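As structure tokens, the structure follows; a few thoughts come after it.
Only a predicted model underlies this, so the values are computations on that prediction, with no experimental measurement involved. No hydrogens, no waters, no symmetry mates; every other heavy atom, side chains included, goes into these values.
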Amino acid sequence: MAAIGEDHTPETHLIPLVIQAAIGKRPYIEIFGVDYPTPDGTCVRDYIHVDDLAAAHLLALEKLQSCQAMHYNLGIGRGYSVREVIAAVEEVTGKKVPIKEGPRRAGDPPVLVASSEKIQKELGWRPRYTDIKAIVETAWTWHRSRPRGYT
């Protein structure tokens, strides 16, 4: 069983929102903008697994024993579109995700992808989860084991 997962009120992160739509906890997932200059017209973002974030933080804490300050960007260095996330959730869960296409949100850039080259070079950190399907699989495992979240 997955010990950790996302359970926010209100939920704002795409992967748990799409899973909620897949299992009927919300009527649909809204796609904010389908006319971006990306391969499928939806925003592209860099999704990093919480285990990879934790590992990077632990390496940074160890390094802080011998230096004053550091700063790093963390990400897998590759982005996935909203439609790719939805497709991954559908594949992993075996459920169709109802969608609603809406207008763009003000200020949303077409693509946001982090370069973690500096932490990789300086601390040897590498993300273990770089495939969106693998990231979604761990989220799905958690949601199945905790249908009411942490309550």
Side-chain angles (χ1 to χ4, degrees), residues 1-23 25-26 29-33 36-95 97 99 104-151:
M1 176 170 79
I4 55 174
E6 291 192 73
D7 184 25
H8 309 116
T9 303
E11 183 58 71
T12 59
H13 296 139
L14 183 62
I15 292 171
L17 287 171
V18 176
I19 289 173
Q20 288 175 2
I23 61 176
K25 282 185 138 181
R26 64 180 51 247
I29 186 71
E30 186 166 3
I31 300 176
F32 297 105
Y36 286 95
T38 61
D40 67 15
T42 64
C43 288
V44 172
R45 299 291 183 264
D46 189 334
Y47 295 91
I48 185 168
H49 195 280
V50 67
D51 288 353
D52 288 332
L53 281 173
H57 281 85
L58 289 174
L59 285 172
L61 284 170
E62 289 174 19
K63 182 69 175 175
L64 277 173
Q65 304 299 322
S66 63
C67 69
Q68 285 191 318
M70 305 168 292
H71 58 277
Y72 300 106
N73 287 322
L74 295 174
I76 64 171
R78 181 212 193 285
Y80 291 95
S81 73
V82 173
R83 290 196 193 278
E84 287 175 308
V85 171
I86 293 168
V89 169
E90 289 180 338
E91 183 178 347
V92 167
T93 65
K95 299 175 183 301
V97 175
I99 64 168
R104 290 183 182 193
R105 293 182 300 192
D108 271 353
V111 178
L112 279 178
V113 176
S115 170
S116 57
E117 183 179 328
K118 183 179 174 188
I119 192 171
Q120 289 183 31
K121 181 179 166 187
E122 292 181 7
L123 302 184
W125 175 84
R126 298 267 186 288
R128 290 182 336 176
Y129 296 91
T130 58
D131 180 72
I132 195 63
K133 185 178 170 191
I135 292 170
V136 167
E137 283 173 344
T138 62
W140 176 233
T141 298
W142 186 83
H143 282 272
R144 277 192 331 231
S145 68
R146 295 187 173 269
R148 291 188 304 248
Y150 286 112
T151 56

Practice prompt. May I ask you to decide if the ring planes of Y150 and W142 are parallel, tilted or perpendicular, using 30° and 60° as cut-offs?
Written response: tilted
Worksheet item: Do I29 and L14 touch side chain to side chain, with heavy atoms closer than 4.5 Å?
Response: yes
Worksheet item: Any side-chain heavy atom of H57 within less than 4.5 Å of one from L74?
Response: yes
Worksheet entry | Student check: side-chain heavy atoms of E90 and I86 closer than 4.5 Å | yes
Worksheet item: Do I99 and R83 come close enough that some side-chain heavy atom pair is under 4.5 Å?
Response: yes
Worksheet item: Given side chains that start at C-beta, do those of I15 and V18 come closer than 4.5 Å, heavy atoms only?
Response: no
Discussion item. Looking at K133, I want to see if its NZ is surrounded by more than 12 non-hydrogen atoms of other residues, nucleotides or ligands under 6.0 Å.
Written reply: no
Worksheet entry | Within 6.0 Å of NE2 in H8, more than 12 heavy atoms from elsewhere | yes
Worksheet item: Checking R78 against Y80: charged group under 6.0 Å from the ring centre and within 45 degrees of the axis?
Response: yes
Fill in: Intermediate values then yes/no, side chain to side chain contact (heavy atoms under 4.5 Å, CB included), Y36 and V111
CA-CA 9 Å; Y36 286 95; V111 178; over 6 Å; no
Fill in: Distance, nearest 0.5 Å, that separates CG of L58 from NZ of K63
15.5 Å
Item to complete: Please tell me if the side chains of P127 and Q120 come closer than 4.5 Å, counting only heavy atoms from C-beta onward.
Response: yes
Discussion item. Side chains of V89 and W140, heavy atoms from C-beta outward: is any pair under 4.5 Å?
Written reply: no
Worksheet item: Any sub-3.5 Å donor-acceptor pair from S116's side-chain atoms to I119's backbone N or O?
Response: no
Worksheet entry | With sequence neighbours excluded, residues passing salt bridge (Lys or Arg N to Asp or Glu O under 4.0 Å) with E11 | none
Worksheet item: Quick check: are there more than 12 heavy atoms from other residues, nucleotides or ligands sitting under 6.0 Å from CD of E117?
Response: no
Worksheet item: Just wondering, do K118 and N73 contact through their side chains at under 4.5 Å, heavy atoms?
Response: no
Fill in: Trace of the side chain to side chain contact (heavy atoms under 4.5 Å, CB included) decision for T138 with T141
CA-CA 5 Å; T138 62; T141 298; 5.6 Å; no
